[in-house]
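Below is one structure, written out as structure tokens; comments come after it.
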Amino acid sequence: MRLPRLVRTTAFRLTLLFLALFAAAGGAFLAYIYLATAGEAARTADATVLSETAELEAIYHVGGFSALNQAVIERASRTRSFLYLLMTEGGAPVSGSIAASPMPPPAAGRAWASFRVTEIDPRGTQVRRAARGLEERLPGKELLFVGADVAEAQSYILRIVDALWGAAALVIVLGLAGGLFVSRDVSHTMQALTGVIDAARLGDLGARAKLRGTGDELDDLARGLNDMLQRLERSIAGLSHAGDAIAHDLRSPLTRLRARLEAALMDGAAGRGDPVVALRQALDEVDGVLRTFGTVLAIASLEAAAEAPDQTDFDPAALAADVAELYEPLCEEKALDFKADLVSGLCLRANREFVAQALANLLDNAVKYSPHGGAIALQVRRMASGEIELSVTDNGPGVPEAERERVTERFVRLESSRHQPGAGLGLALVAAVAQAHGGRLELTEGDRAGGPGPGLRAALVLPGAGR
Amino acid sequence: MRLLIVEDDAEAGEAMTRGLADAGHGCRVVPDGEAGLAAAREGGFDVMIVDRMTPRLDGVSMVQTLRREGDETPVLFLSALGEIAHRVEGLKAGGDDYLVKPYAFAELIARVEALARRRETGAVQTRLKVGELEMDLIGREVRRRGQEIELQPREFQLLEFLMRHAGQSVTRAMLLEKVWEYHFDPQTNVIDVHISRLRSKIDKGFDRPMLQTVRGAGYRLDA
């Protein structure tokens, strides 16, 4: 049998569990109250019976059996608080308020008994009430029984117990209702989340869970789910974009390669030309394709990784000086004025190799796009935010503001840079390195002085160590 | 030289054997890590070329086992393109060099020969001598025909590497890796500029150039 959906929810099951725990604790509490008060009532009854018996004994000691008989007759008619019975040695009743003793006579001394008395109440119904009694063999062998009603005290306890039962029933009803309400609320939210997950499973990554703004764990879950879907959507979009771009970018060199090989083959068959030259060109072409392919794979794996692998602590100024040294002869060859402003003593936690490559790409671009005799500035500093910035500024043509976002995408090249070598992957790699370290790539205007345009300042901003 | 090649792609193994035989080296190709282990234990190889991913026992585990057994034969790992984290892993496992597939044949030969050479010259040297060129590693001095040549620290390192591999082709990637310790591919050929600077210092004014450009491979320092 399938239970109704609501009843199968976790929230409802938790409610039931808590109700059961509550009921068990309540039961134990009731039992304790009952035992404690019932025992107390019995002890009180016993004490009154004892003191009454002591009074009658005193009368017996002073006035003998006849005085006791008188007292019993008198008290039996006067009070209904006690039950009396005076008997002969053999147990035959002499006087008192009951007809027979409810217990067997003790041989000597006294004996206690719990029993019930049957009474007709004013409405005519028969009521049996609990009682306690003490029977004593007097020094003259006669028997004296004194009893007291404990029903009064017991019925008080029973009323308390009844009230507690009522309260327990109320708690259970309210608890169940509350549990159902809470589970409905929770299961609504969960259903919404499940709906989003189902949509994603069926291929719709655009669905998002609604946040309720309560800041509770369900909201956290929804936020996490949304964030995950966002990343997934972006990386899938990136992948398919990369796939298109690779197909597009590899098609032309592969087409050229094929044509070249075919021509070489035909030339070879006709005994014309030098096949070695054709093969050499083909090899160069293949190397170019492989280089592009390798960079695209590196970018993709950086984008797919949550965090760059093999991170170590190092001084970014030392690294920048190292990379600058690699490019310094290149600057010299192009008569570029190279300035470095490196704040040392900073600590960066990152993958050294990737940061070096990113900086190399920025320097490479700067050298490539600076005019002959231009200026390049390399800077490493700590920003007010605590982040570490490695920047390269040139006085080349720059990148128009509208294009700055786009040039960090794979295979995007500005029309004006078509004549330059490169596949349009340099800045994309820098952006991927920045992202894999929780940083960013910022492109702004560079140095206008003496250049053909506004120049470009490319800054790799990375979180400082000790995050 | 005798080389052991652990490569599961038979065609690639055969191409390697042919190319290396042309360069004057004898090769034995085994298709998986276990066979590689057995062959290596027989000994007699100068360099091992090991694919990272081989059937039965992967190349990395194979080399780890050999190193534990005290086998110090130089190892060149081969790996598929785009596996950036693997280079570190391979070197940690006891590999001596690392090459990404597909590679230029000249690159493979240059690296294999460099590995074998490194093994021969195990002793610590304080002076290097190649023809007329002399390098004092302690005094940080370079002379050609007794005439002192001023070098920047990096130029000194570059020349040291070339002298240690004199007569051998060294590729641009090798120079970038061993002298600068970068493993990426700079888009512009910065190495060429550094080499031409070094060349102008050691060859200028002398009748015979020592630093040669090897087409399709890289550079070679000749005595």
Side-chain angles (χ1 to χ4, degrees), chain A residues 276 279-280 283-284 286-302 304-305 308-310 312 319 321-334 351-361 363-368 420-426 429 433 436, chain B residues 15 19 79-92 98-108 151-158 171-173 175-201 214-218:
Chain A
V276 173
L279 284 174
R280 207 165 261 167
L283 259 182
D284 285 348
V286 169
D287 283 344
V289 172
L290 283 174
R291 194 169 304 132
T292 302
F293 192 52
T295 312
V296 169
L297 282 178
I299 293 173
S301 71
L302 268 175
D310 301 321
T312 50
L319 175 108
D322 234 27
V323 180
E325 190 260 353
L326 186 64
Y327 279 88
E328 192 251 337
L330 216 59
C331 293
E332 199 173 278
E333 208 172 53
K334 219 175 161 183
N351 180 305
R352 223 190 125 90
E353 181 82 10
F354 284 141
V355 175
Q357 184 170 9
L359 202 55
N361 283 8
L363 279 171
D364 199 72
N365 276 347
V367 170
K368 214 156 36 178
Q420 291 281 1
L425 290 169
L429 185 85
V433 168
Chain B
S79 154
L81 189 61
E83 296 164 347
I84 36 177
H86 290 167
R87 192 181 56 79
V88 180
E89 191 197 345
L91 298 187
K92 267 186 199 154
Y98 199 87
L99 190 56
V100 168
K101 284 192 205 174
Y103 45 81
F105 221 87
E107 187 80 45
L108 178 73
L151 292 179
Q152 305 278 331
R154 190 69 77 184
E155 290 165 346
F156 189 90
Q157 279 173 275
L158 185 55
T171 64
R172 293 174 179 85
L175 291 173
L176 193 68
E177 282 176 29
K178 314 296 175 191
V179 179
W180 277 271
E181 288 175 26
Y182 292 136
H183 299 272
F184 55 83
D185 164 36
Q187 296 161 28
T188 311
N189 241 324
V190 282
I191 299 300
D192 293 346
V193 191
H194 282 270
I195 287 284
S196 73
R197 239 196 202 188
L198 180 65
R199 180 179 279 150
S200 74
K201 290 193 179 176
V214 185
R215 218 212 109 89

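Naming convention: chains lettered A, B, ... in sequence-line order (proteins, then strands); numbering from 1 in each chain. Because the structure is a prediction, the values reported are computed rather than measured.
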*asked:* At a 4.5 Å cut-off on heavy atoms, which part of A:Asp322 comes close to chain B: side chain, backbone, both, or neither?
replied: both

*Atom of B:Tyr182, atom of A:Glu353 and distance for their closest heavy-atom approach*: C-OE2, 3.6 Å

_Any side-chain to backbone donor/acceptor pair from B:Asn189 onto B:Asp192? Under 3.5 Å, distance only._
no

*Examine whether an atom of B:Glu181 lies under 4.5 Å from a heavy atom of chain A, and if so say whether it belongs to the side chain, the backbone or both; otherwise answer neither.*
backbone

*Partners of A:Asp284 by salt bridge (Lys or Arg N to Asp or Glu O under 4.0 Å), sequence neighbours excluded?*
none

_Structural part of A:Glu333 lying under 4.5 Å from a heavy atom of chain B_ = side chain

*Would you find a donor on one side and an acceptor on the other, under 3.5 Å apart, between the side chain of A:Lys334 and the backbone of A:Val367?*
yes

*Please flag which part of A:Val323 lies under 4.5 Å from any non-hydrogen atom of chain B: side chain, backbone, both or neither.*
both

*Closest non-hydrogen atom pair, A:Ala436 against A:Leu302*: CB-CD2, 3.7 Å

_Closest approach of A:Phe354 to A:Ala308 (non-hydrogen atoms, all atoms of both residues)_ = CD1-CB, 4.3 Å

*Which region of A:Arg352, side chain (C-beta onward) or backbone (N, CA, C, O), has a non-hydrogen atom less than 4.5 Å from a non-hydrogen atom of chain B, or is it both or neither?*
neither

*Which bit of B:Arg154 is near chain A, if near means a heavy-atom gap under 4.5 Å: side chain, backbone, both or neither?*
both

*asked:* Quick check on A:Ala356 against chain B: is it the side chain, the backbone, both or neither that has a heavy atom closer than 4.5 Å?
replied: both

